[in-house]
2 protein chains.
Amino acid sequence: MREPSPDKQEAILETALRLFTERGFAGTPTSLISKEAGVATGTLFFYFKTKEDLIDTLYRRVKSEAAQEMGRGLDAEKTAKAKLRRLGRNAVGWGLENPAKLKFMEQFAHSPFVSTSAHEEGMSHFAFLEDLVLQGIRDGEIRDVEPSGLFCMMASALAGLIAHALSTNDEEERRTIIENGLDFIWFGMKAEGV
Amino acid sequence: MREPSPDKQEAILETALRLFTERGFAGTPTSLISKEAGVATGTLFFYFKTKEDLIDTLYRRVKSEAAQEMGRGLDAEKTAKAKLRRLGRNAVGWGLENPAKLKFMEQFAHSPFVSTSAHEEGMSHFAFLEDLVLQGIRDGEIRDVEPSGLFCMMASALAGLIAHALSTNDEEERRTIIENGLDFIWFGMKAEGV
DNA sequence: CATCAAATTGACTGACCAGTCAGTTTACGT
DNA sequence: ACGTAAACTGACTGGTCAGTCAATTTGATG
C-alpha cells in the first residue's frame, strides 16, 4: 500500500492559489496548475474530483484560516471597543500578509459559478463575531440596532480598508490609513455618548 | 447604405448583462449571448471587436450610469451631512432597482482578467465625491483625515449595505437596514461634536 | 524478497468556444 | 428601380481545456 502524499496535495493547493489570483478561475487551466505544481494532470484529479472541488477546498481552507487569525487574542480584551479594535487590526494584518489569499476570497465571493454551500459554511467560522456585537450592545457600548446589519457594514468596510492599505508601500502612511479606517468603523458602531 | 441598428446593439448589451450576472464572464459563451439576443454570432462581433470589448463597453456604461444616478440632486442639499445622506440614498436606491448592474460591477471589479484602464476610467466619474468630502472637511462637518481613505471606506460600506438590503423582501425591514447603514457611514465620517 | 493496492503518470478524447468569412439581405442615394 | 455599401447571417475553424484511463511506479506489509 501507499499513503497519499500531503506534499503533492499541498503543492497543488499552493500553486492553484497563486495562479487563481494572478489569472482568475477561468484563466487558469488545470493543466497549468499541475505543471507548475510539478505533478501530472491525472494527479490533480486524483486529489480533487473536479476543478470546482479544488476551488471549494481552497476556499474552505483560506476562510477558516482567516477566521482563526482574526479571532486571535480577542478574549484577552475586556471591552467591545478593544475587542473590535483588536479584531480589525488582526484582519488588516492578515490581509496585508496574505494578499493572495485575500484576493482569492474576494474573487470567490463575487464569482457566480461557485457553490452556495461553501459560502454558507465559510460564514459559520465568523459566528463568534455575532456574539461579540451582541455583548457590546448589552453593555451599552454599541448602538442598539440589528446586529447583522452592523456586522455586514463592518465586514465590507474592513475589506475596503485592507484594499486601501495595500495600495501604499509607505509604512507610515499605511499606519495612518489603518488607524483612520478603524476609527471609521468604531464610530460607525459605537453607542452615542460612549 | 445602411445604418447600424441601435436596437441590435442594445439587445446584445442587455442580454449580455443578464447572462453575465447569472453565469459569470467565463460561463457565458458569445454564442449564447447572440442567440438569446436574437442575432447571429457574426453580428455580435460586428458591434464588438472581441468579447472583452463587449464587457468593457458594458462596464463603462453601467459605471457612468451609476455615477450619474448617485450624484442626482446633491447640489440641492446644503450641508455635507445632507449631501452624503442623499448620495447614500441614491446609491442604495439604484442598487436595489438594478441588482443585475450592481452584480455585474462587483464581478467586474474583482475579476483579474479585465483591463486596468477601464477601472481607472470608471473611477473618474466619481470625482465629484472627492470635492464633496473636501468641502465637508473645510466646513468642519467631516473628520479631518486623508479624504481618499474616507472615500474608500464609504464606498465599500455602501456596497455592503446595498447587498444586505437586497437580502430581504420585507419593505419595513429594508428601510430600517438602510437607515442604520447610512447612520453607520455618517458616524464614521463626521467630525466629533457635530 | 514478493505481493499488492494505492499513487502517479501523460497521452488522449470529446466538448466547447472565440472569432472568421464568404455569401445574403437590407435600406439609402440617385 | 437600380446600384451599392454597409448590416447581417451562420456554418466553420483552430485552439483550448476538463477530465479519463491504461500503464507504470511506489512503498508498506508479510
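For the numbers below, each heavy atom of this structure counts, side chains included, while hydrogens, waters and symmetry mates do not.
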Sequence neighbours excluded, every pair satisfying salt bridge (Lys or Arg N to Asp or Glu O under 4.0 Å) that has a member inside residues 67-77 of chain B: Glu69(B)-Arg72(B), Glu77(B)-Arg86(B)
Taken to the nearest whole Å, NZ/Lys35(A) to C1'/dT16(D) is 14 Å
Rounded to whole Å, the CG-P distance (Leu32(B) to dG10(D)) equals 16 Å
Of the candidates dT9(D), dT9(C), dC8(D), the side chain of Ala40(B) sits closest to dT9(D)
Between dA7(C) and Tyr47(A), is there an OP1 or OP2 to side-chain N/O distance shorter than 4.0 Å? no
Can you work out whether Gly38(B) or Gly42(A) has the more 5'-proximal nearest nucleotide on DNA chain D? Gly38(B)
Interatomic distance where CZ belongs to Phe46(B) and P belongs to dT25(C) [whole Å]: 18 Å
Its contact letters, B for base, S for sugar-phosphate only and - for none at protein heavy atoms under 4.0 Å, make nucleotides 12-18 of chain C read -----SB
Between atom CD in Gln9(A) and atom C1' in dT8(C), what is the gap in whole Å? 14 Å
Taking Gln107(B) for its side chain and His110(A) for its backbone only, find out whether a donor-acceptor pair lies under 3.5 Å. no
dT26(C) P sits how many Å from Asp7(B) CG, rounded? 16 Å
Please report, rounded to the nearest Å, how far the C1' atom of dG19(D) is from the CD1 atom of Ile33(A). 13 Å
If you look only at pairs with a residue in residues 143-166 of chain B, which of them pass as a salt bridge (Lys or Arg N to Asp or Glu O under 4.0 Å), with sequence neighbours excluded? none
Hphob cluster co-occupancy, Val62(A) + Phe128(A), side-chain heavy atoms under 4.5 angstrom: yes
Rounded distance in Å - NZ (Lys8(B)) to C1' (dT25(C)): 10 Å
Run the side-chain hydrogen bond (donor to acceptor under 3.5 Å, both in side chains) test against Lys101(B) and tell me which residues pass, sequence neighbours left out. Glu65(B)
Cut-off 3.5 Å, no hydrogens considered: what does the side-chain donor-acceptor table look like for residues 25-32 of chain A, sequence neighbours left out?
unit_1: Thr28(A); atom_1: OG1; unit_2: Gly24(A); atom_2: O; d: 3.1
unit_1: Thr28(A); atom_1: OG1; unit_2: Phe25(A); atom_2: O; d: 3.3

Kindly state each residue pair satisfying side chain to side chain donor-acceptor pair (under 3.5 Å) with at least one member in residues 32-42 of chain B, sequence neighbours excluded. Arg18(B)-Glu36(B)
Expressed as a whole number of angstroms, how long is the span from Phe20(A):CZ to dA18(D):C1'? 12 Å
